[in-house]
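Index from 1, following the sequence. Just so it is clear, the model here is predicted, and its values are computed rather than measured.
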Amino acid sequence: MAARVTGSVLTCHAPGDQLPTGGDDAAATRPSAASVDRSRPARVRQSSFGNDDELVDEHPPTWTLQRFQKEVSCAMKEYFVALIVNDAVARVEELLAGCPGEADELGVVAIRAAIDRDEAAQRAVVELFCALRKGSVVDSAAFVRSFEKLFCTWEDIAIDAPKAPQALLSILIGCVGGEVVNRSLLTKLPENLMTTVLSKADEAALTPEGREMLANVAAELKEFKRQATHCIDEFFVTLSATEVRSRLGEIGMKPFLHEFVKKAITTSYSHRDPEEARGHVLTLFGQLTPDGALSKDDLQLGVTRLLGQLEDLALDCPRAAELTIEIISGLVADELVSVPFLRRCRQLRMGGAEGLRVLDAAQRRTPEYCKKHLGTLEFKKELNTMILEYFNSGDEEEFGRCVRDLAPLTEERSAELIRKIMTLAMERSGKECEAALKLLVGLCRHEEIAEEALEAGFNDLYSRMPDLLLDVPDAHEMARSFVVEAKKANVLRRDWPDAAEG
């Protein structure tokens, strides 16, 4: 892939293309969600990172991350001794049956274990990954996430394992050859990782073909970054998205566009007015995505690399973490990155402790987006908080707004919401029971919840009655009162079967 080097074309504005200089006009000029609805990256479910519907999966309440990591470590130790691929595959299937959302973590732990051993273990882990991929036990996207986590942390790993860079690249090239991941993943390698490997005297870690391939990618990336930097510098002078689009088209080398995303963001940090520069960057991204000039993958990888460099960025820009919180919040609000993607970044602990702080803060600042994608435990916690706050304030309107923030709710979660309103009231007093009934009636009449959902909630309540009776001895009588009053208010079918009478 040869870079096309041309002179700067960022010299004039297309009619009507210049971006606003800041303030309210900047926000007003951004394309609305409706105008680019079909191509808003956050609304595209699939990417090389995986399907958004699957990225929100988390480990079951009976498991912890530490327990899963320990189980995988033990399985890998056994595999490196026995080298029986079929047995290792069966063990992985067993682990993922219990924790289906942790396939990427399994990949990280397995690669780290191989890096800590020797070249034989590294070849063995590639063989295992090939078998897992061929048998559809683990999909390609999970392995992409595993490698991305390691790309962002390789320098820390190398402190304890000096040969980690060569080992990681050897495993990656083996996975490319075995069709575990697509060859294009080589273009996502960090430049400093490739430079480190290529500068090592030990050539045995990579084949001559591997080193040549790596050298070519490194040279192309270096040239792309040089031209992208110039393009971004010109953008902050002209504020023309059309000229940026044209320039990126001339540069070519689309596989490296994630570097453009990261560079545009970090350049805004050093601007004389970072807040104004951030608005320009968000507007630029919003104008480059509808026609595919920037993709969902480009934006996601730009964010993961940004998180991975937070500590380094803070050396030159003490406000780097705060500015990153703001830019990620903006990316979510403009539907440029999705909440499931951010949740997976958090689950993989992208950026370490500082990355977690940034991700948590960004999601707190965009509750209208983030609450729609709560994990099971977070959803339960959110319900408890909402209901208890309602009992304290009696503010039905605020509770309705909270329900809208959570929408759309699945049938199961709708039922849980109804049940929890009643059970938390029953565990308290008659006053809370009256407030709970009033709330349920109001939610139905204002169409915040469907009557079918209310009925499912009552079904759920009675199905859990044996457990509830342990804490609330008169739960049967209290539940009957809810049923009677709900029927009087015409929000529950009059012929709804009362399980207590059955």
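For Ala436, the side-chain contact (heavy atoms from CB on, under 4.5 Å) partners two or more places apart in sequence, or in a different chain, are Phe391, Ile421, Ala425, Phe482. Not counting sequence neighbours, Tyr79 has no partner by the ring pair (Phe, Tyr, Trp, His ring centres under 6.0 Å) test. Judged as a ring pair (Phe, Tyr, Trp, His ring centres under 6.0 Å), and not counting sequence neighbours, Phe80 has no contacts. The ring pair (Phe, Tyr, Trp, His ring centres under 6.0 Å) check on His271 picks up Phe236, with sequence neighbours excluded. Listed by chain and residue number, Phe143 satisfy the ring pair (Phe, Tyr, Trp, His ring centres under 6.0 Å) test with Phe129 (two or more places apart in sequence, or in another chain). Qualifying side-chain contact (heavy atoms from CB on, under 4.5 Å) partners for Thr410, counting only residues two or more places apart in sequence or in other chains: Glu412, Arg413. Remark: Asn384 pairs with Lys420, Leu424 by the side-chain contact (heavy atoms from CB on, under 4.5 Å) rule, at least two apart or across chains. Considering only residues two or more places apart in sequence or on other chains, Cys130 meets the side-chain contact (heavy atoms from CB on, under 4.5 Å) condition with Val126, Val180.
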For residues 320-331, please give each side-chain donor-acceptor pair under 3.5 Å, one per line with the distance, not counting sequence neighbours.
| from | atom 1 | to | atom 2 | distance (Å) |
| --- | --- | --- | --- | --- |
| Glu322 | OE2 | Arg365 | NH1 | 3.2 |
| Glu322 | OE2 | Arg365 | NH2 | 3.1 |
| Thr324 | OG1 | Tyr269 | OH | 2.7 |
| Thr324 | OG1 | Ala320 | O | 2.7 |
| Glu326 | OE2 | Arg365 | NH1 | 2.3 |
| Ser329 | OG | Ile325 | O | 2.8 |

Please list every donor-acceptor pair under 3.5 Å in which a side-chain atom of residues 439-447 meets a protein atom from a residue at least two apart or in another chain.
| from | atom 1 | to | atom 2 | distance (Å) |
| --- | --- | --- | --- | --- |
| Arg445 | NH2 | Ala489 | O | 3.1 |
| His446 | ND1 | Gly442 | O | 2.9 |

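Sequence neighbours left out, the pairs with a member in residues 125-153 that pass salt bridge (charged side-chain N to carboxylate O under 4.0 Å, His left out) are Asp104-Arg145, Glu148-Arg305. Listed by first and then second residue, the salt bridge (charged side-chain N to carboxylate O under 4.0 Å, His left out) pairs involving residues 306-317 amount to none (not counting sequence neighbours).
Closest approach of Met426 to Ala479, counting heavy atoms only: CE-N, 4.1 Å. Annotation for Val261 and Gly302: closest pair CG1-CA, 4.0 Å, computed over non-hydrogen atoms.
Neither side chain, Glu398 nor Ser393, offers a donor N or O lying under 3.5 Å from an acceptor on the other. If you check the side chains of Ser295 and Asp297, you find no donor sitting under 3.5 Å from an acceptor.
Here the side chains of Arg349 and Leu65 are in contact, with some heavy-atom distance below 4.5 Å.
Below 30°, between 30° and 60°, or above 60°: for Phe49 and Phe341 the angle between ring planes is above 60°, a perpendicular geometry.
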